[in-house]
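Throughout, numbering of the chain's residues begins at 1 and tracks the sequence. All values below come from the heavy atoms of this structure, side chains included, with hydrogens, waters and symmetry mates left out. Not measured: the values here are computed from a predicted model.
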Amino acid sequence: MGEAKLEVEIGYLSAGANRQTGVADWDQDGTLAFGADSNICLWRPTDPEDRGVTAMLSGHSETVKAVKFLSNSPTEDISYLVSGSDDKTLKLWALSTKDGSYSCVQTVQDHTGAINCIATLPRPRDTSSRCIFASGAADATIKIWELTSGKINLLQTLKTAPKFFPLAAALHPLNQDQTSFVLAVAGTRDIIQIFVTEPAASTPDFKLSATLTGHEGWIRSLDFVHESASATSDILLASASQDKYIRLWRLHHGSSLPAAPAAGSDPSLGAYLPGKSPSNKAHRFKSGGEDYSVTFEALLLGHEDWIYTAKWHRTASKLELLSASADNSLSIWEADPSSGIWITSARLGEISREKGATTATGSIGGFWTGLWSPDGSTVVTLGRTGSWRRWDRRTDDDTWVPGLAVSGHTRAVTGLAWSRDSGYLLSTSSDQTTRQHAEWIVGGGDGKRREKPTSWHEMSRPQIHGYDLNCIDTLPNDTFVSGADEKLMRVFSAPKAVARLVARLTGRDASEAQLEALPAEAAGIPVLGLSNKAVVDVDGQDVLLPNAPEEGAETQTPASSSSKASLLDAHASLRPPLEDLLSRATLWPETEKLYGHGYELSCLAASHDGTLVASACRASSVNHAVVRVFETARWTEVRPPLAAHSLTATRVRFAGDDGMLLSVGRDRQWVVWRRCKEGEGRYELFQSEAKGHSRMILDCAWALVMEGMRVFATAGRDKSVKIWVGRGEGKFSLGKAVPFEGPVTAVDFLGRTGRDGGLVLAVGTEGGKVAIVRFQVGEEGVGEVSTEAVQGELCLPKAVLQLAWRPVLKEGEAEGSHDLAVAGEDSSLRIYRVKGL
């Protein structure tokens, strides 16, 4: 074998964030960490190179719910991150600020329930301050921890009484010396509990000192801040609740109570709550012999639905509060300098006319968390689709403008398919969406290449469905076919607006003739509908057509392009589309439906010449375990269906010249079908191997068509990959079995030979491992097999569901590296750049 050493680096990482209030945190160095399934993604939102997610930290076994950067680190070279998950564990991560490397340095499982929230102290004024944090879990306890010498130690366990599950917690120094602390905890009751420590204690001992009442629903977020830059000023606590209100509380040092807001000056004091005047009862307590009090300060009205987060930020001149709500809006609040009344200085997001509707019809499903950047110049929020939205503050006129953020699937990525010209990648997922990903190469409207490194982004969301999507493949002319948990397949073609956008940003060749051949300018989806319809513009209004209009019809002329297409052209000409456009203006119109199967689609494949589509559905009997072939000229089924399997076929693949079709299934057998010389698109049984593997076969792949020889690989739950070789018109026989540590779930051959003239096979396992297998095939059979594993930090925490090498279209193209797309059960989509092949 060749001496070249395998090198694998990240080309693209994409994953949707978990919908949890405490799922993200923004560090002082500009790194934002957020939970995505069982991973933790690292992203720098203000990175001028727009690289998106730069790393995924894998270690948790279940959904990550809480992520926080710790306020104190022993050196400037290391930043500590703590995370909590449904797996009941807390993990401590050490991140290197120099080279970006990371490692999990400690895992603790003292909680007996899912961890919902973590509270940390604000950044201290000196590095000698203690680094204390709290975690709240579904075991109805709050645990106090301390970071010392790179390890976390449990200091105290608090049980909630009356019992409730903590959903929010906030921690803050109580005195100027930062020797005593105040902890606020709330959750599945309408109360806030205040715990306080004594300053003289060497080990903090939190005791319940006050219980704040007033909210009428679960409380989702708590945050402390000093009222002014002075460390001796009063402390304000913001609490956000499902009762649609934010309450502000004042923690005052001294025996005298703070002055109450002037009667009638604050409209929040009962004017809008008939018969419910907020109580201003003072809750008094002592710490270190000093008197303190907590009083109600203000009620903030304005949101129309549950409020998930309330976060403070202080600039040099003012104190601001950011709130995120299920009503699809972010609000920024500040106190009026003259009256002291809290008012909304900015409202971001959308006021949707279709509240509660699907994403495809306009609703974004609310905002689940909101964060300030360390300098307060940027805010981000997380929507239902798992995608982030970002706004940057423009200093000249103090307005907020949308910026580029990251997006990704929120459930298992089940299918991958590269476009026929290798220009973009399509992915399907159990989150019921299909997404188009491409490399942003060309800059603004001047058509020049970006000076900074190129980066991958989601360019459109072709399909937003009502069923979980299972499989996908591409066809020529920007068309694809997908299968879901329904009995039919759907065919989509790119609208002109999306094709123009992708061509402009990626530098693809797209002639006017090619664009005119596309079915519509844009697409939409009717309420309660499952099919994307072509959209045309009639008197300035979008109108859905039952089918794409005929070519040359008046509605197809550029002068009457739909308002959705115009919106996409106007706002996405200089950069990839933002989330509001992705979810509303980038659907692809559906052009065909393919019927015939009796159960949910399990797999499909398109022939290399684009004339045929083969598919199979889930089956427990011979009658349904057939492979159906459809021709794409008239979109009709080529009968009879191909019957050989007795259980679900898990994968079908066409050979490179479409002369053979391979199918594998849960019945442990593989079947090769040969194309008939007579009959358009018909295949006949050539060979079947009833005991191809000792357990079910999960994937298969054809190698390059070589002169006088055909090779394919099968992957099984029996922890092996088997290579099968056929010569001339003869039958296939086993060439080599390659063992692996766990069940093999995905395989794919590189579309060209390696440097040594051998074949290159990518392999993915149920344990998330990815490996590259290289071997030669000659007259004497399969030669020596070499297996090189991708480094562990790049592998997945869950199963690899599909692998897809980027097509190599020209001889000599991509000599330096090859792109390998990886679909994960952990909701992640990854593209590896593999060198040394």
- Message: Please determine whether side chain to side chain contact (heavy atoms under 4.5 Å, CB included) holds for the pair Tyr102 and Ser96, giving the CA-CA distance in whole Å, both sets of side-chain angles, and the decisive distance to 0.1 Å.
- Response: CA-CA 6 Å; Tyr102 55 86; Ser96 170; over 6 Å; no
Close side-chain approach of [X] to [Y], heavy-atom, < 4.5 Å:
X	Y	result
Trp372	Trp26	no
Leu155	Trp145	no
Trp400	Val379	yes
Leu299	Ile246	no
Pro173	Leu121	yes

Between the side chains of [Y] and [X], is the shortest nitrogen-to-carboxylate-oxygen separation below 4.0 Å, so that they form an ion pair?
X	Y	value
Arg389	Asp580	no
Asp305	Lys244	no
Lys311	Glu320	no
Lys143	Asp110	no
Arg250	Glu227	yes
Asp50	Arg44	no

Within this structure, what is the [atom1]-[atom2] distance for the pair [X] and [Y], rounded to the nearest 0.5 Å?
X	Y	atom1	atom2	value
Phe165	Thr188	CZ	OG1	6.5 Å
Leu171	Phe195	CG	CZ	12.0 Å
Ile118	Lys65	CD1	NZ	12.5 Å
Ile115	Thr89	CD1	OG1	6.0 Å
Ile219	Ile192	CD1	CD1	4.0 Å
Leu208	Leu158	CG	CG	9.0 Å

Between [X] and [Y], what is the shortest heavy-atom contact and its length?
X	Y	answer
Val108	Gln106	CG1-NE2, 3.5 Å
Asp86	Ala114	OD1-CB, 3.1 Å
Pro374	His313	O-NE2, 3.2 Å
Asn328	Phe367	O-CE1, 3.3 Å
Pro199	Ser287	CD-OG, 3.6 Å

[X] (side chain) donor-acceptor with [Y] (main chain) under 3.5 angstrom:
X	Y	result
Arg220	Ala310	no
Thr160	Ala140	yes
Ser325	Trp306	yes
Asn18	Val64	yes
Asp327	Ser329	yes
Arg247	Gly214	yes
Ser85	Glu62	yes
Ser83	Val67	no
Ser293	Asp291	no
Thr381	Thr369	yes

Is it the case that the side chains of [Y] and [X] hold a donor-acceptor pair, with the cut-off being a distance below 3.5 Å and no angle test?
X	Y	answer
Glu198	Ser180	no
Asp205	Gln156	yes
Thr295	His252	no
Trp388	Ser407	no
Ser228	Ser230	no
Thr31	Asp29	yes
Thr232	His253	no

- Are Ile194 and Leu183 close enough, and set up right, to give a side chain to side chain contact (heavy atoms under 4.5 Å, CB included), and what steps lead you there? CA-CA 6 Å; Ile194 304 294; Leu183 171 69; over 6 Å; no
- Item | Residue of the set Leu81, Leu70, Thr107 for which side-chain contact (heavy atoms from CB on, under 4.5 Å) holds with Leu92 | Leu70
- Task: Before giving the answer on ring pair (Phe, Tyr, Trp, His ring centres under 6.0 Å), spell out for Trp249 and Phe296 the whole-Å C-alpha distance, their side-chain angles and the decisive distance to 0.1 Å.
- Result: CA-CA 5 Å; Trp249 312 83; Phe296 173 74; 5.6 Å; yes
- Message: I'd like to know whether Thr410 forms a side chain to side chain contact (heavy atoms under 4.5 Å, CB included) with Ser827, so could you lay out the CA-CA distance, the side-chain angles of the two residues, the decisive distance to 0.1 Å, and finally the verdict.
- Response: CA-CA 6 Å; Thr410 56; Ser827 83; 5.8 Å; no
- Query: Is the number of heavy atoms from other residues, nucleotides or ligands under 6.0 Å of Lys318 NZ greater than 12?
  - Reply: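 Enclosed.
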- Message: Checking Asn175 against Phe181 for the side chain to side chain contact (heavy atoms under 4.5 Å, CB included) test, could you report, in this order, the C-alpha distance in whole Å, the side-chain angles of both residues, the deciding distance, and whether it holds?
- Response: CA-CA 7 Å; Asn175 59 6; Phe181 308 97; over 6 Å; no
- Of all residues at least two apart in sequence or in a different chain, which pass the side-chain hydrogen bond (donor to acceptor under 3.5 Å, both in side chains) check with Asp392?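 Applying side-chain hydrogen bond (donor to acceptor under 3.5 Å, both in side chains) to Asp392 gives Thr378, Arg390.
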- Task: Could you give me the CA-CA distance, side-chain angles and deciding distance for Lys68 and Asp27, then say whether salt bridge (Lys or Arg N to Asp or Glu O under 4.0 Å) is met?
- Result: CA-CA 8 Å; Lys68 278 285 188 180; Asp27 196 19; over 6 Å; no
- Could you list the residues that satisfy ring-ring contact (aromatic ring centres under 6.0 Å, His included) with Trp368, not counting sequence neighbours?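 Applying ring-ring contact (aromatic ring centres under 6.0 Å, His included) to Trp368 gives Tyr308.
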